[in-house]
*Asks:* 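The structure under discussion is supplied below as structure tokens; questions concerning it will follow.
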There are 2 protein chains.
Amino acid sequence: MATSRPGPNLSRIATSLGVSVATVSNALSGKGRVSGQLVERIREHAAELGYVPSQAGRALRTGRSGVLGLVLPDIANPLFPKIAQAIEFAASAAGYGVLIADSRGDVAAQTEAINRLVERGVDGMVVIPRRATRISSAACPVAVIDTPSTPGNTVAADHWQGGREIAGHLAGLGHRRILIIGNNQESNVQNDRAGGIRSGMRPGMHSETLWIDRLEQENGNGCPLGLAEKVGQGFTAFAALSDLLALRALTELQQAGINIPTDVSVTGFDDLIWSPVVTPSLTTVRMDMDRIAGIAVSALVDTIRTSSIREGVLVTAEIERVAMQLIVRQSSGPANPAPRTSEKENM
Amino acid sequence: MATSRPGPNLSRIATSLGVSVATVSNALSGKGRVSGQLVERIREHAAELGYVPSQAGRALRTGRSGVLGLVLPDIANPLFPKIAQAIEFAASAAGYGVLIADSRGDVAAQTEAINRLVERGVDGMVVIPRRATRISSAACPVAVIDTPSTPGNTVAADHWQGGREIAGHLAGLGHRRILIIGNNQESNVQNDRAGGIRSGMRPGMHSETLWIDRLEQENGNGCPLGLAEKVGQGFTAFAALSDLLALRALTELQQAGINIPTDVSVTGFDDLIWSPVVTPSLTTVRMDMDRIAGIAVSALVDTIRTSSIREGVLVTAEIERVAMQLIVRQSSGPANPAPRTSEKENM
DNA sequence: CTGAAAGCGCTTACAG
DNA sequence: CTGAAAGCGCTTACAG
């Protein structure tokens, strides 16, 4: 005896209407040629009975689960809510569910997470890989979201261009000495962002990069960054490669009695939840996550629909680089007290 | 013709070994009585072939999908990563996958999200309800995580007790006038926290509560909170009902030239990612999310395993209130400059 | 336009 | 200890 489901199935609808299950199935899916009035009757009755199609039955028959996997390097990453929300939204719109998997920690865990999703029968997955990881083909189509510097990507934000936006903004405020602050020298994303900032600087501007990972290796996590000294050295702009670092910089500077944005400017990346909330709020650069997720999911879904068999392919999309958008919240700088247009965000 | 899966199935293993599928199934699951050496051979061969059981086949047969749903009021909530991570971990350990659904916005979307999960065949779900929402039984077991004030809960952090911890801490630092800062007067969670703070105050202490939602209705989102004035009125402690509010308070005070923790203390709730990172880092109170998730998931799984049919029940657990833990990061206050033990967190 | 039938891959009660 | 068989609910090619 197999465990029965609580709801009605096709067969019950068919019996009670005196038609075949095939006809009910066709009527409900709109695929076979069924007469208009019969379709009507069947749909009505199905709705009345509260019919919910069995995903298991359908999946077994079609070989498709209707579920996508989402593999993240670390769910604790503060960017995660935006990613998950965007992917869930895009997937939902395309009729797919989203199964999450966290590859907390090493590459082995990532592989394991991918396997777990495959075992659960996902039709494809979106992977945001750990730094420096190549996704060797899983047993299903995979869309990779990373930097454009990473080969085999499906789609990515143009972090380099985002960096250029920041540089342009700081140049416009009259800054000459910029301290770039990163916390992961191995990260493609951070390197792209930093490179973009450097490449976007105008003649006469100078930058230096502070990698906190090194600093913390020596002085322990959460150690002071010594930014007040940097101000003493003439730096007036602090371009953090993430909003979390920007927040750390902002509060350290404030604590040292340095006024933002009167004395120095602080910028971040990603427009995370706290950016518009802190005082002064953070100038940052935002990915169009909905667009990125939309591209990734639709490329994935196309591949799934096209390939008749579940195979391991790396999905590629036409549009690879999605521009990042500058959000100016600190509109004045030390060298340029004139107000500029600013955008105010909701909490 | 049904779409075929790429990998081998039970039948292929059976054929190539000259045994029946039933035996292979039994050997692999360890359920039926199969001789030791045959089990050995079958397992070996299955591993060799890279056999991955079909969830669809199993689900159809057993009526169980092995998947749990996770419904969140808003994925963008900064607490979400912790929740999702904890639920995913607990579910994973219990052999379940996690399907996410965001009920962004109204109650209707929540109901819809729940239905979508049911349609996807989840065996049960964990719901973190929108404020003031009663989850009427879905078509599967449901575990609700909310405040203890909400009836029908499965498990919840003891926000009230968390508030008492904060009050005790502030009392210990010698504070007399506390400004409680909330942003949602309707939230059970925030009301519990605020109530806990008030109830934990020592004789001679005084508190006032600032509801930002009201303030913002009048002055627009992101308006200044006027905390400097409150300092002028003699408040020395600012107890925010969330870490995001604490961050907002902290930076607004710093910007006004008020030193923390020398002049005033700022506390939050939840120990979110930025709490240990800002300068000065935030004293806060932390939920044991892993424990909460573990309780919710295991109660859910028990119910699923017990009930022979998928039915809509609200799952209740034995231990309802999980204590919150105080994390002291600002160890001195204006009235008590003596250092106390402090805990330093990693980034 | 409608229906009978096969079969997706699995598990389980039952017979041997 | 092992196997033959039924059946979970669905979809689809095919026959009528």
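This one's a predicted model, so the numbers in the text were calculated from it and none came from an experiment. Quick note on labels: first sequence line is chain A, next is B, and so on, each numbered from 1.
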*Asks:* Figure out the CG/P separation between B:L10 and D:dC8, and round it to whole Å.
*Replies:*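 Taking CG of B:L10 and P of D:dC8, I get 19 Å after rounding.
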*Asks:* Please report the distance, rounded to the nearest Å, between CG in A:N9 and P in D:dC10.
*Replies:* 5 Å
*Asks:* What I'd like to find out is whether the side chain of A:I273 reaches to under 4.5 Å of the side chain of A:K82, using heavy atoms alone.
*Replies:* no
*Asks:* Only pairs at least two apart or in different chains count here, so list each salt bridge (charged side-chain N to carboxylate O under 4.0 Å, His left out) that has a residue in residues 21-32 of chain A.
*Replies:*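 Matches after skipping sequence neighbours: none remain.
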*Asks:* Which sits closer to the 5' end of DNA chain C, A:V21 or A:G36, going by the nucleotide each is nearest to?
*Replies:*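 Closer to the 5' end of DNA chain C: A:G36.
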*Asks:* Mind checking side-chain contact (heavy atoms from CB on, under 4.5 Å) for A:V301 and listing every partner two or more places apart, or none if nothing turns up?
*Replies:*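 Testing A:V301 for side-chain contact (heavy atoms from CB on, under 4.5 Å), a comparison that skips the adjacent residues, returns A:A94, A:Y96, A:V297, A:R305.
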*Asks:* Check whether any side-chain nitrogen or oxygen of A:R58 sits under 4.0 Å from OP1 or OP2 of D:dT11, and answer yes or no.
*Replies:* yes
*Asks:* Closer to the 5' end of DNA chain D via nearest nucleotide, is it B:G57 or B:L38?
*Replies:* B:L38
*Asks:* So, using side-chain contact (heavy atoms from CB on, under 4.5 Å) as the criterion, who are the partners of A:D302 when residues are at least two apart?
*Replies:*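 For A:D302, no residue satisfies side-chain contact (heavy atoms from CB on, under 4.5 Å) once neighbours in sequence are set aside.
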*Asks:* Using whole Å, report how far CZ of A:R61 lies from P of C:dG9.
*Replies:*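 Taking CZ of A:R61 and P of C:dG9, I get 11 Å after rounding.
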*Asks:* Quick one: A:I13 CD1 to D:dT11 P, roughly how many Å, whole number?
*Replies:* 11 Å
*Asks:* Applying ring pair (Phe, Tyr, Trp, His ring centres under 6.0 Å) as the test, list every pair that has at least one member in residues 53-85 of chain B; sequence neighbours left out.
*Replies:* A:F80-B:F80
*Asks:* Rounded to the nearest Å, what distance is computed from the CZ atom of residue A:R64 to the P atom of nucleotide C:dG9?
*Replies:*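 For the pair A:R64 CZ and C:dG9 P, the rounded distance is 13 Å.
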*Asks:* Among residues 22-31 of chain B, which ones have heavy-atom contacts with DNA chain C below 4.0 Å?
*Replies:* B:A22, B:S25, B:N26, B:K31
*Asks:* With pairs defined as Watson-Crick or G-U wobble and both distances under 3.5 angstrom, please note down DNA chain C as a dot-bracket string, | for pairing with another strand.
*Replies:* |||.||||||||.|||
*Asks:* Side-chain N or O of A:S35 less than 4.0 angstrom from OP1 or OP2 on C:dT2?
*Replies:*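 Checking C:dT2 against A:S35, a side-chain N or O does come within under 4.0 Å of OP1 or OP2.
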*Asks:* Report yes if the side chains of B:P53 and B:R58 come closer than 4.5 Å at any heavy-atom pair, otherwise no.
*Replies:* yes
*Asks:* Please identify each residue that fulfils side-chain contact (heavy atoms from CB on, under 4.5 Å) with A:A56, with sequence neighbours left out.
*Replies:*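 With sequence neighbours excluded, A:A56 shows a side-chain contact (heavy atoms from CB on, under 4.5 Å) to A:S54, B:A59, B:L60, given in chain and number order.
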*Asks:* Tell me the interatomic distance from A:L60, atom CG, to C:dT11, atom P, rounded to whole angstroms.
*Replies:*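 Whole-Å distance recorded here is 12 Å.
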*Asks:* Once side-chain hydrogen bond (donor to acceptor under 3.5 Å, both in side chains) is applied, do any residues pair with A:S92, and if so which ones, sequence neighbours excluded?
*Replies:* B:R116
*Asks:* So, OP1 or OP2 of C:dG3: does either fall under 4.0 Å of a side-chain N or O from A:S20?
*Replies:*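 For C:dG3, OP1/OP2 do have a side-chain N/O of A:S20 under 4.0 Å.
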*Asks:* Sequence neighbours left out, cut at 3.5 Å: what donor-acceptor pairs do the side chains of residues 36-46 of chain B make with other protein atoms?
*Replies:*
residue, atom, partner, partner atom, Å
B:R43, NE, B:A27, O, 3.3
B:R43, NH2, B:A27, O, 2.9
B:H45, NE2, B:S16, OG, 2.6

*Asks:* Please state how far atom CD in A:Q37 lies from atom C1' in C:dT2, giving the value in whole angstrom units.
*Replies:* 13 Å
